[in-house]
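Note on naming: letters A, B, ... go to the chains in the order of the sequence lines (proteins, then strands), and numbering restarts at 1 for each one.
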Protein chains: 2
Amino acid sequence: MSATIKDVASAAGVSFKTVSRVFNGEANVREATREKVEAAARELNFTLNTAARNLRRRGSNLIALIISNPSRSYIDNIQIGAMDWCSRNGFHLVVEDILARPESFEDLIKSGEMAGVILIPPMSDDPDILSALTSHHIPFVRIAPETDNDIAPSVRIDDRAAAREMTQKLIALGHRRIGLITGPNNFGVSRNRRAGYSIALQGAGLEYDAELVREGAFSYATGQSCTAQLLDLAHPPTAIFASNDDMAAGAIAESYKRGIAVPHKLTIVGYDDVAVASVISPPLTTVRQPLKDMAARAAELLLERIRDRDSAPKHDVLPHSLILRASHGPRT
Amino acid sequence: MSATIKDVASAAGVSFKTVSRVFNGEANVREATREKVEAAARELNFTLNTAARNLRRRGSNLIALIISNPSRSYIDNIQIGAMDWCSRNGFHLVVEDILARPESFEDLIKSGEMAGVILIPPMSDDPDILSALTSHHIPFVRIAPETDNDIAPSVRIDDRAAAREMTQKLIALGHRRIGLITGPNNFGVSRNRRAGYSIALQGAGLEYDAELVREGAFSYATGQSCTAQLLDLAHPPTAIFASNDDMAAGAIAESYKRGIAVPHKLTIVGYDDVAVASVISPPLTTVRQPLKDMAARAAELLLERIRDRDSAPKHDVLPHSLILRASHGPRT
DNA sequence: ATTATTTATGACAGCGCTGTCACGAATTTG
DNA sequence: CAAATTCGTGACAGCGCTGTCATAAATAAT
């Protein structure tokens, strides 16, 4: 059906090995020969057969992004960054939801079909997943793991510092009772962000009040419900720090429902700086993490590992920043 | 490194062909033999090598979803539906952004790496893409094409009827000047939805006023700007029908900015029923299309085409419905 | 001009699997 | 009970490519 390397070879009057050389950019092909081969290939509309190449090379041009994360907007950004990198580097991105059907993930890694795997929270910290990947010798990279280690490279922002800075900002605004809506506890980032929050409180001589800390699930709905709980407190907070923007959006909605104006009566800030942050009203003050860049960088580090499996894993920390929009204000 | 069919064969004391039989569920393998093979395979942690199988079979277990669509929430739903179907059917989903780097898409289809391709708007109606796919003999399926044809199966809702019904609903509420914010004109769905809008107006004896129809880009920002234009009109509409929910959200934001209460002073309705619709305030009255089901069904029809390339393409029309939330009201 | 070195090309094996064919063993039939 | 049929298994080729090695041609060194 489709032309093979041998068809091109005989059309160009060279051996099929020479055609292989041309298509792999190998050295030592005379310019005239190269052109002959390229012309013949164009003529026959030839492309290398990936299955054959993968079989022979024991390689692959596929990178898997494993998801399960409840926050679609987070995934969207990561996926866009990864897809973009892949298309620039001769790879394609396979997206696999590990919650939907774990067996499918098993197959994926056992079959050796993937050149490498990108993990996002909470998979970045899931021991079963990490050991499955390790035992099958699949190169992988972790985005935002709780802590670095020697088994795989990672890309992150300094969540602890970012959460500390945002909390300090709220304290500087005069807030003394600051609610924290965390992500689920199996997310390393949740723990790191809570740690940053604690450190800031401690630095300001404020007491950590467990009542003010609620565990959400990174969803709009849990942002609402946690906010409801916080506002129902005998001494409700004057500021709420949600660990992602979806939950912050839910928090704002809950406040409005109760007739509590944001930011005049209540300050609400988020985390991530995804699309929703600039679109809701009021626009959200939030921690920006460069998710697309993080994903692209992760893919880059993954490729280094694929190329040289014994290289020491690199750990990149990308810069975060506080985006001060309109959902924060001084304590009133 | 990883065990092969031959390793399993010698461990089980059978020929490697028998191992192949077992792993392909072929008939005529004695139960005892099957068990021996399965035990040996488990022992060696064996899985079939996909590259070798694909080479030999001239097949693939990969389905590509081609995106470019500006509306992430639309894509999210389609992608989830497709991913889910894939994981249940032994396939994996490759997501490729055709805008980011068209060459990457070219490679993808030329290399024969994909068993099939799923197209969403506006690619479903893009003649270059359709002919590229056809000429490379890649099976594909179109989601929401403008019209059906014989070259590929398709899945859609009846956009024309849905838009007509929603417009009729607005007319029944007493609205006489109804703004329409369409999607870009290269989207077949945009044309179909506008047609439905026209038909409803005509059916009610209302005139089609080009001034009331604005072309957006399915984004929040264009929802805002088109709404601004409509509200600046000498005779502004009392209802606005946005062709997706993101634009409807933008429309609501623009109204609030101008102090126009929704739905008391202005009715705004959307299309798609994606996550944002139930989360904004007021919750959006919208047309629901079952995007996840559409994607799963598309994958299903695609598989039929992969299995039998000469079968007549099927065209499925899935049911839509009007979701009446709180962003509509009678003309005041 | 002769030898040493580099450069360009080809021959060939084989990656791990599936499809075809052949053949002996088990089962059915007359 | 012999002949016809079905079942279970193995031998083998080859999918399209890349890696290794050998060899011829071109170039540099003496």
Side-chain angles (χ1 to χ4, degrees), chain A residues 1-38 40-41 44-62 90 107 110-115 136-137 307, chain B residues 1-38 40-41 44-62 90 107 110-115 136-137 307:
Chain A
M1 179 117 135
S2 171
T4 77
I5 217 176
K6 288 184 182 174
D7 300 328
V8 176
S10 58
V14 297
S15 80
F16 65 85
K17 175 67 220 195
T18 299
V19 178
S20 171
R21 286 201 179 88
V22 170
F23 276 83
N24 286 289
E26 282 179 39
N28 299 340
V29 179
R30 197 172 298 157
E31 190 50 32
T33 312
R34 177 181 310 277
E35 278 163 14
K36 256 192 317 189
V37 169
E38 279 167 354
L44 295 168
N45 199 16
F46 165 80
T47 314
L48 285 173
N49 176 308
T50 319
R53 160 185 283 209
N54 287 347
L55 172 59
R56 192 56 234 262
R57 281 196 177 168
R58 301 159 178 287
S60 160
N61 61 153
L62 262 23
D107 286 356
K110 274 199 187 173
S111 67
E113 242 181 308
M114 297 295 124
H136 287 281
H137 303 104
R307 296 252 166 87
Chain B
M1 177 115 134
S2 171
T4 79
I5 216 175
K6 289 185 183 174
D7 300 329
V8 176
S10 57
V14 297
S15 80
F16 64 87
K17 176 67 222 197
T18 297
V19 179
S20 171
R21 285 201 180 87
V22 169
F23 275 84
N24 286 289
E26 283 179 37
N28 299 338
V29 179
R30 197 171 298 159
E31 191 50 33
T33 313
R34 178 182 308 279
E35 278 162 15
K36 257 192 319 190
V37 169
E38 279 167 354
L44 295 168
N45 200 15
F46 166 80
T47 314
L48 285 173
N49 176 307
T50 318
R53 159 184 283 208
N54 286 348
L55 172 58
R56 193 54 234 263
R57 283 195 174 169
R58 301 160 178 287
S60 160
N61 62 152
L62 263 22
D107 286 355
K110 274 199 188 176
S111 67
E113 240 180 310
M114 298 294 125
H136 286 282
H137 306 285
R307 295 252 166 87

B/E26 CD to C/dT20 C1', straight-line distance once rounded to whole Å: 11 Å

State whether the side chain of B/T18 and the backbone N or O of B/V14 hold a donor-acceptor pair below 3.5 Å, judged by distance alone. no

For B/R56, what residues pass the salt bridge (Lys or Arg N to Asp or Glu O under 4.0 Å) criterion, not counting sequence neighbours? none

Whole angstrom is fine here: how far is it from CG in B/N61 over to C1' in C/dC17? 14 Å

Let me know the distance between CG of A/N49 and C1' of D/dC17, rounded to the nearest Å. 8 Å

Set of residues satisfying salt bridge (Lys or Arg N to Asp or Glu O under 4.0 Å) with respect to A/R57, sequence neighbours excluded: none

So, using salt bridge (Lys or Arg N to Asp or Glu O under 4.0 Å) as the criterion, who are the partners of B/E35 when residues are at least two apart? none

Within the structure, does a side-chain N or O atom of B/T18 lie under 4.0 Å from either OP1 or OP2 of D/dG10? yes

Would you say B/S15 places a side-chain N or O within less than 4.0 Å of OP1 or OP2 belonging to D/dG10? yes

Output all residues satisfying side chain to side chain contact (heavy atoms under 4.5 Å, CB included) with B/S10, sequence neighbours left out; order by chain, then residue number. none

Mind calculating the distance between CG (B/L44) and P (C/dG16) to the nearest angstrom? 14 Å

Which pairs, with at least one residue in residues 19-29 of chain A and sequence neighbours excluded, count as a salt bridge (Lys or Arg N to Asp or Glu O under 4.0 Å)? A/R21-A/E26

B/D7: side chain to side chain contact (heavy atoms under 4.5 Å, CB included) partners, not counting sequence neighbours: B/A3, B/T4, B/L44

Just to confirm, is there a sub-4.0 Å distance from OP1 or OP2 of D/dT9 to any side-chain nitrogen or oxygen of B/T33? yes

note: A/F46, atom CZ; D/dG16, atom P; distance rounded to Å ~ 10 Å

By ring-ring contact (aromatic ring centres under 6.0 Å, His included) - contacts of B/F23 (at least two apart): B/F46

Residues in salt bridge (Lys or Arg N to Asp or Glu O under 4.0 Å) contact with A/E38, at least two apart in sequence or another chain: none

Is B/R53 close enough to C/dT18 that one of its side-chain N or O atoms is under 4.0 Å from OP1 or OP2 there? yes

Between A/A41 and A/V8, which heavy-atom pair has the shortest distance, and what is it? N-CG1, 4.0 Å

Please check this pair: side chain of A/S111 against backbone of A/D107, looking for a donor-acceptor N/O pair closer than 3.5 Å. yes

Extract from the structure each pairing of a protein N or O with an N or O of nucleotides 12-14 of chain C at less than 3.5 Å, listing the distance.
unit_1: C/dG14; atom_1: N2; unit_2: A/R56; atom_2: NE; d: 3.4
unit_1: C/dG14; atom_1: N2; unit_2: A/R56; atom_2: NH1; d: 2.9

For A/N45, check side chain to side chain contact (heavy atoms under 4.5 Å, CB included) against everything at least two apart and list the hits. B/K110, B/H136

Please determine whether a side-chain nitrogen or oxygen atom of A/N24 lies at a distance below 4.0 Å from atom OP1 or OP2 of D/dT18. yes

Rounded to 10°, tell me the angle between the two end axes of the helix from C/dA1-D/dT30 to C/dG30-D/dC1, each built from five pairs. 30°

Contact letters for nucleotides 22-27 of chain C, in which S counts primed atoms plus P, OP1 and OP2 and B counts the base, heavy atoms under 4.0 Å: ------

When you match B/G13 and B/A52 each to their closest nucleotide on DNA chain D, which lands nearer the 5' end? B/G13

How many Å lie between CZ on B/F23 and C1' on C/dG16, as a whole number? 13 Å

Out of C/dT7, D/dT9, D/dC17, which nucleotide sits closest to the side chain of A/N28? C/dT7

